[in-house]
S.K.: 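Dropping the structure in here first, questions after.
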Amino acid sequence: MKHDFRNIETKWQEKWENAKLFEAVDFSEKPKYYTLVEFPYPSGHGMHVGHIKAYSGLEVVSRKRRMQGYNVMFPIGFDAFGLPTENSAVKFGVHPRVLTDENIEKFTGQLKRVGFSFDWSRVVDTTEEDYYRWTQWIFRKMFDNGLVFRDKTLVNYCPHCKVVLSNEDSQGGKCDICHNDVVQKSKDVWYLRITQYADKLLQGLDKVDYLPMVRQQQENWIGKSTGAFVNFKLKEVEETLRIYTTRPDTLFGVTFMVMAPEHPLLDTYADKVENMAEVLAYREECAKKTEFERTQLVKDKTGLQIKGLSAVHPITGKEIPIFISDYVMMGYGTGAIMAVPAHDGRDYDFAKKFGIDIIPVIEGGDIEKEAYTGDGNMINSDFLNGLTDKKSSIARMLVELEKLGVGEGGVQFKMKDWAFNRQRYWGEPIPIVHCPTCGMVGVPDEELPLRLPPVENFQPGEGGESPLAKIDSFVNCKCPKCGGDAKRETDTMPQWAGSSWYFLRYIDPKNTEALASPEKLNYWMPVDWYNGGMEHVTRHMIYSRFWHKFLYDLGIVPCDEPYSKRTAQGLILGANGVKMSKSLGNVVDPNDVVDSYGADVLRTYVLFMGDYEQAAPWSDSSVKGCKRFIERFAALTDMLSDTVSPEVEAALHRTIKKVTDDIEAMKFNTAIAAMMALLNEIHAAGSIDKESLKILAKLLCPFAPHICEEVWAELGGEGFCSAAEWPIYDEAKTKVAAVEIAVQICGKLRGKITIPAEATEEEAFAAVMADENLSALLNGKQIVKKIYVKGRLFNIVAK
RNA sequence: GCCGGUGUGAUGGAAUGGCAGACGUGACGGACUCAAAAUCCGUUGGUAGCGAUACCGUGUGGGUUCAAGUCCCACCACCGGCACCA
């Protein structure tokens, strides 16, 4: 048979669709299996082959699971709110709704051409009212439960574009769009209290099966640390400066204090600070830097001493100078630290630069050269002297701090609360009303969805406010509580919102009464296997786990962790080995590959090109290897015979085992390689029997389903190959009678012998000695040790 | 600076501590062809040798082991992430 992909691929896609072959069945008797891939953002550029790789992994798993008798749900949707669409809308004067619909249509066409076995009856679009109604509803529930608050923060603001920018879009202090200078601007921001779930998010990791790398990144992001809060009295005023430290054991080594430049105590006692002008100038300087930039100046610490204020050591009563420096952040701990230069690298750098004393309190290391962060005997530390390990020193110090009433043990998280609003049009309106009488009032259920009003002009308003602020009919409303005149919140939610719960909506996408019915949620949740990019492992995954845990606490979802298992795929790089990007012109469009080689070849290649978890460069010529493989497979229908050679049969069973196992480990490249090797074996044998070929078709079906259906039909297979039963291997048939094993003498390869696979050590040794070359090498030597690894090698240590 | 990842032929990459380089690409040789493409067969880590074979070889330097790409220690380079986290 020829590989006539132009005719067969659409044919089988239609047949699958008509048979509803990939539609998941709610409450089926079969065991359920929920496979989830990160839904795409439908950009105007269309998909590139990276998307195809991202979906192909679980595509193969899903198809295999169905063949193994599972009721599989493998859904897809579109995360369609977002800035790029809004920017295009501004640029071309087309409504984002129109652009989004166009882009979704484009993406859908591309995805369907590849023959993915998505359940298209469950597709979701985060920008549809029926969807964002529930996004707003969850937010409102959070608001009702005290997880939403407002606070001031500094944001990156571009005065030219009049928009607030993310750190990403304002690197180097320049606006990504117009390249003018970005300023830091104080703004009221909506926050979600994700920190309230920090401990739960951390502990939940024990219950799930995430890639170790994924788990580690989440742990680091949450960043739990244990330490102590210590209160330092100020000498000049009745006030305490509260600090957080992970090293209370080094309290006697404190020689200065550092406050974040923005620390509010400076404003409270501005009249006492003699050099307030300098402080303000330094603040301004810091405000220009983004947080990322602060991290660039690693060694060269900046800062200045606060004159007129000093702290008092809580135990020794000694006076301690106070500094401000931007290496201390307002957003972590208390915004102030006790500095122990002898035992902290950053404090050490600062002390050296400003000529501050360095007092060692732990023996070991050389404080002339660098800070010592290791363990050792405590010195210069009063009641701690003589203790030898950190743990007991900390414990002892905590007892003392509590006795004196100047501090206590505590934990801190690196994770910050989630800034949850954007001054944008193309996002979910925040369902809050500002009432002069009642304050902030949530929009009630019956008024949801709070629809995005039609807008003519998507340009942001003066001062960077949302375009919604210009729509009077939207802004002016009645307070749901008192009925008086009120104003709507005009900010919208960030793109992360819609993607924080989409996996729940797939379960019941048309439900108008709830985000999904409890029965269906109970049947389908949790997601059995979630795959996506490493870049979403912290933010998207932690945000969605947070929402899920909140919904669990409300009794809406049946499990507290949404994803049982999480893996990640590597990028496809351009042919030149760098990231694919429009500007570099190295983007590969999957449509082009389907046009010239067919979907089966594209699917096979993206999985064959390398380790699934690793980045790999695209290679046009390597695609040909997969094209040849598929063609050679199709041609097997012309090599049929009634019998099968024992070699081919054994190879077939080994391949079943290999492919079955490799798919589970996401080692798709070696699974395909094994099938290629089997093909070579069949070609060498010259023929294959019908039943064996049907088995091979089933093995290859998850990877290249169209050609496998065609071959299956040609062989008279019943129904769809995609619905056939996954092959089982016969362990006995995978065994080979005779094996060639390596013979080493003193660890060096010296020859090979062929022996029965199950030969004993004695038999194997006899075979070694029967080999003239090998026995000659051992002549006159005394054998010290024999190591026999069955089926692998025989190593003889001789003197 | 910190965290994570990766270093293997010309090239993408294989390899439960057990024959390094599976499988694919490319290259070379051959078959088919008037010819080319496609296809099929063969060769393909390096050095020396006609040869059997020998020596070398998985970023660098040490170590553990009968045996190391794999484990341990110290480094180097590249890629990705970042929030100087007290």
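Bear in mind the structure is a predicted one, so any value in this text is a computation, not a measurement. To find a chain, count down the sequence lines: A is the first, B the second, and so on, and within it residues start at 1.
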S.K.: For Arg242(A), is there an ion pair with Glu408(A) - N to carboxylate O distance below 4.0 angstrom?
M.R.: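 Yes, Glu408(A) and Arg242(A) are salt-bridged.
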S.K.: Over how many whole Å does the gap from Lys752(A) atom NZ to A52(B) atom C1' extend?
M.R.: 15 Å
S.K.: Mind calculating the distance between CZ (Arg215(A)) and P (C3(B)) to the nearest angstrom?
M.R.: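 Distance, rounded to whole Å: 19 Å.
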S.K.: Once you round it to whole Å, what is the distance between P of A86(B) and CG of Asp344(A)?
M.R.: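 Those two atoms, CG and P, are 9 Å apart.
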S.K.: So, OP1 or OP2 of A22(B): does either fall under 4.0 Å of a side-chain N or O from Asn669(A)?
M.R.: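 No.
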S.K.: Specify the separation, in whole Å, of atom CD of Gln614(A) and atom P of G5(B).
M.R.: 10 Å
S.K.: If the cut-off is 4.0 Å, is Lys748(A) near the phosphate of A54(B), judged by side-chain N/O to OP1 or OP2?
M.R.: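 The answer is no; no side-chain N or O of Lys748(A) sits under 4.0 Å from OP1 or OP2.
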S.K.: Would you indicate which nucleotide in U25(B), G4(B), G18(B) comes nearest to any side-chain atom of Ile787(A)?
M.R.: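 Output: G18(B).
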S.K.: So what's A52(B) paired with, Watson-Crick or G-U wobble, going by both distances under 3.5 Å?
M.R.: none
S.K.: It should be established whether Arg750(A) places a side-chain nitrogen or oxygen under 4.0 Å from OP1 or OP2 of nucleotide C55(B).
M.R.: yes
S.K.: Do Glu38(A) and Arg566(A) meet the salt-bridge criterion of a basic N to acidic O distance under 4.0 Å?
M.R.: yes
S.K.: Have a look at Arg632(A) and say if it touches a base, only the backbone sugar-phosphate, or nothing, with a 4.0 Å heavy-atom cut-off.
M.R.: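 Here Arg632(A) touches the backbone only, sparing every base.
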S.K.: Nearest to the side chain of Ala673(A), heavy atoms from C-beta on, is which of A22(B), A86(B), G4(B)?
M.R.: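 Out of A22(B), A86(B), G4(B), the nucleotide with an atom closest to Ala673(A)'s side chain is A22(B).
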S.K.: Where the side chain of Ser621(A) is concerned, which of G4(B), G26(B), C66(B) is the nearest nucleotide?
M.R.: G26(B)
S.K.: Just do the ring-ring contact (aromatic ring centres under 6.0 Å, His included) check on Phe256(A) and Phe350(A) with the steps written out, would you?
M.R.: CA-CA 10 Å; Phe256(A) 59 104; Phe350(A) 193 87; 5.5 Å; yes
S.K.: Rounded off to whole Å, could you give me the CG-to-C1' distance for the Leu678(A) and A22(B) pair?
M.R.: 14 Å
S.K.: Please report the distance, rounded to the nearest Å, between CZ in Arg628(A) and P in A37(B).
M.R.: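 My rounded result for the distance is 12 Å.
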S.K.: Phosphate oxygens OP1/OP2 of C85(B): is one of them under 4.0 Å from a side-chain N or O of Gln412(A)?
M.R.: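 No, outside the criterion.
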S.K.: Judged by each residue's nearest nucleotide on RNA chain B, which is more toward the 5′ side, Ala742(A) or Gln217(A)?
M.R.: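 It is Gln217(A) whose nearest nucleotide is closer to the 5' end.
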S.K.: So what's C75(B) paired with, Watson-Crick or G-U wobble, going by both distances under 3.5 Å?
M.R.: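 Answer to the pairing question: G59(B), which forms a Watson-Crick or G-U pair with C75(B).
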S.K.: Rounded to whole Å, please give me the gap between CZ in Phe668(A) and C1' in A22(B).
M.R.: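 Atom-to-atom, Phe668(A) to A22(B), this comes out as 19 Å.
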S.K.: Tell me what Thr245(A) touches on the nucleic acid: a base, only sugar-phosphate, or nothing, going by heavy atoms under 4.0 Å.
M.R.: sugar-phosphate
S.K.: Heavy-atom nearest nucleotide on RNA chain B for Gly791(A) versus Tyr244(A): which residue maps closer to 5'?
M.R.: Gly791(A)
S.K.: If you look at every strand shown and take non-hydrogen atoms under 4.0 Å, does Asp611(A) touch a base, only sugar-phosphate, or nothing?
M.R.: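 The answer is sugar-phosphate, as Asp611(A) gets under 4.0 Å only of primed atoms, P, OP1 or OP2.
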S.K.: For a quick test of reading the model: is some side-chain N or O of Asn220(A) closer than 4.0 Å to OP1 or OP2 of C82(B)?
M.R.: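 So the side-chain polar atoms of Asn220(A) never come under 4.0 Å of the phosphate oxygens OP1 or OP2 of C82(B).
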S.K.: Separation of Leu573(A) atom CG from G5(B) atom P, in whole Å?
M.R.: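 Result: 18 Å.
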S.K.: Under 4.0 angstrom, heavy atoms only, what part of the nucleic acid is Ala615(A) near: base, sugar-phosphate, or nothing?
M.R.: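 Sugar-phosphate, no base atom in range.
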S.K.: Less than 4.0 Å between a side-chain N and a carboxylate O, is that true for Glu761(A) and Lys790(A)?
M.R.: no
S.K.: Should G4(B) be called syn or anti, with syn set as within 90° of 0?
M.R.: anti
S.K.: Checking all strands, does Lys667(A) fall into the base, sugar-phosphate, or nothing category for heavy-atom contacts under 4.0 angstrom?
M.R.: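 Answer is sugar-phosphate: Lys667(A) comes under 4.0 Å of backbone atoms only.
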S.K.: Could you check which of A20(B), C85(B), G12(B) has an atom nearest any side-chain atom of Ala616(A)?
M.R.: G12(B)
S.K.: Can you spot which of Thr250(A), Thr245(A), Asp249(A) makes a side chain to side chain donor-acceptor pair (under 3.5 Å) with Arg247(A)?
M.R.: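 Testing Arg247(A) for a side chain to side chain donor-acceptor pair (under 3.5 Å) against Thr250(A), Thr245(A), Asp249(A) leaves exactly one candidate, Asp249(A).
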S.K.: At what distance, to the nearest 0.5 angstrom, does CE of Met257(A) lie from CD1 of Ile306(A)?
M.R.: 12.5 Å
S.K.: What's Ser225(A) touching, base or sugar-phosphate or nothing? Going by heavy atoms closer than 4.0 Å.
M.R.: sugar-phosphate
S.K.: Searching all strands shown, indicate the nucleotide that pairs with U39(B) (Watson-Crick or G-U wobble; both distances under 3.5 Å).
M.R.: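 Here U39(B) is engaged in a pair, and the nucleotide opposite it is A31(B).
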